[in-house]
Structure formats: structure tokens, C-alpha cells
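Every number for a ligand or one of its atoms is a count from 1 in the order of the listing.
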Amino acid sequence: MHIEGACHCGSVSFTAEVDASRVMLCHCTDCQVLSGAPFRAVVVAPIETFALRGTPKSYVKVAQSGNRRAQVFCPECGTPLFATAPENPTSVVIRLGCVKQRSELFPSAQIWQRSAMPWLTQLDRVAGSAEQQAFLPVVPQAQA
Ligand SMILES: [Zn+2]
Ligand SMILES: [Zn+2]
């Protein structure tokens, strides 16, 4: 599947060919911090299909195993874009949030569920609205 992606300010953009059956959610604590979100959604693309425009910056994360991963982001607006091997990359792990076709990319796997937010399975019980809504006033919780 052909995808297009861009950061929020538009100074970095890319195109890639991804396998739409390989969309993954990662609940690891690094992804929570680095994405600024409860979990991260990603899709993998072979490096040969990946075409980048603009000049992103990268932060090299060193895992406990010693494995090094470049976390690539826009230096202007900070949008996380993709991760890759710092040297001789063979693939890019694209952050779904910056992909135009993200609503068509349904996850097929979840990893690091050990550190997943415990409330993710209960989101259908959370009040919502189709567009922005002011936060409701805080009401003290009843003692269980
Ligand atoms: Zn940007
Ligand atoms: Zn992760």
C-alpha cells in the first residue's frame, strides 16, 4: 500500500510502500514517553520504498540490550516521524500519527502489553464528543 506522511508544520514529508497487514501497537514505556501518548502505532516500510523530503533530526535511543535506534523527528515542530537503524538501515518503522492514510491501517499486533495503560480496554465507558469539548468540572469520586 502506498502511503504519504508529513510532520505537522510540513517541512518534512515522505512516501513509502507498506504492508498494510503489518501495523503494530507498542505499549513499551519508551514508546509512551517518546510519542507523548499512551501507546505508539507503527507500520514498517522497506528502505528501498522510502522517499524522504526535508531535513529531519534524530535522537539515538540505546536499549538495555545495547541496540541503537534513531528516533527521527521534525526539528521545527517536533512531530515523531519514524525510527530506523542509525547505520545501514534496511527498513523504517513509520509512526502512524503522521501518515495520511492512518485510518485505513488497522493494527494486527500489540507488543509490550506488560506496561500497557490499564484503562485502554475501558475506553468505551469514557464519555466522548465528536469535536472539541471543554473538560467537565471535576467531581469528587464516590468511595467504593
Ligand atoms: Zn515539522
Ligand atoms: Zn515501544
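- Taking distances strictly below 2.8 Å, the protein N/O/S atoms close to the Zn ion (ligand 1) are C7 SG, C9 SG, C74 SG, C77 SG.
- The two residues P46 and E17 have their closest heavy-atom pair at CD-O, 3.4 Å.
- A distance-only check finds a donor-acceptor pair linking the side chain of T79 to the backbone of H8 [under 3.5 Å].
- Note: F82 and F14 have perpendicular aromatic rings, judged against thresholds of 30 and 60 degrees for the angle between ring planes.
- One finds the CZ atom of R95 at 9.0 Å from the CG atom of L81 (value rounded to the nearest 0.5 Å).
- Residue pairs meeting the side chain to side chain donor-acceptor pair (under 3.5 Å) criterion with at least one partner in residues 56-65, sequence neighbours excluded, are D30-K61.
- With sequence neighbours excluded, no residue satisfies side-chain hydrogen bond (donor to acceptor under 3.5 Å, both in side chains) with Q32.
- A distance-only check finds a donor-acceptor pair linking the side chain of S108 to the backbone of V23 [under 3.5 Å].
- A side-chain hydrogen bond (donor to acceptor under 3.5 Å, both in side chains) with H27 holds for exactly one of Q113, R40, Q110; it is Q110.
- With rounding to the nearest 0.5 angstrom, the SG atom of C28 is 8.0 Å from the CG atom of L34.
- Take the Zn ion (ligand 2) and draw a sphere of radius 2.8 Å; the protein N/O/S atoms inside it number 3.
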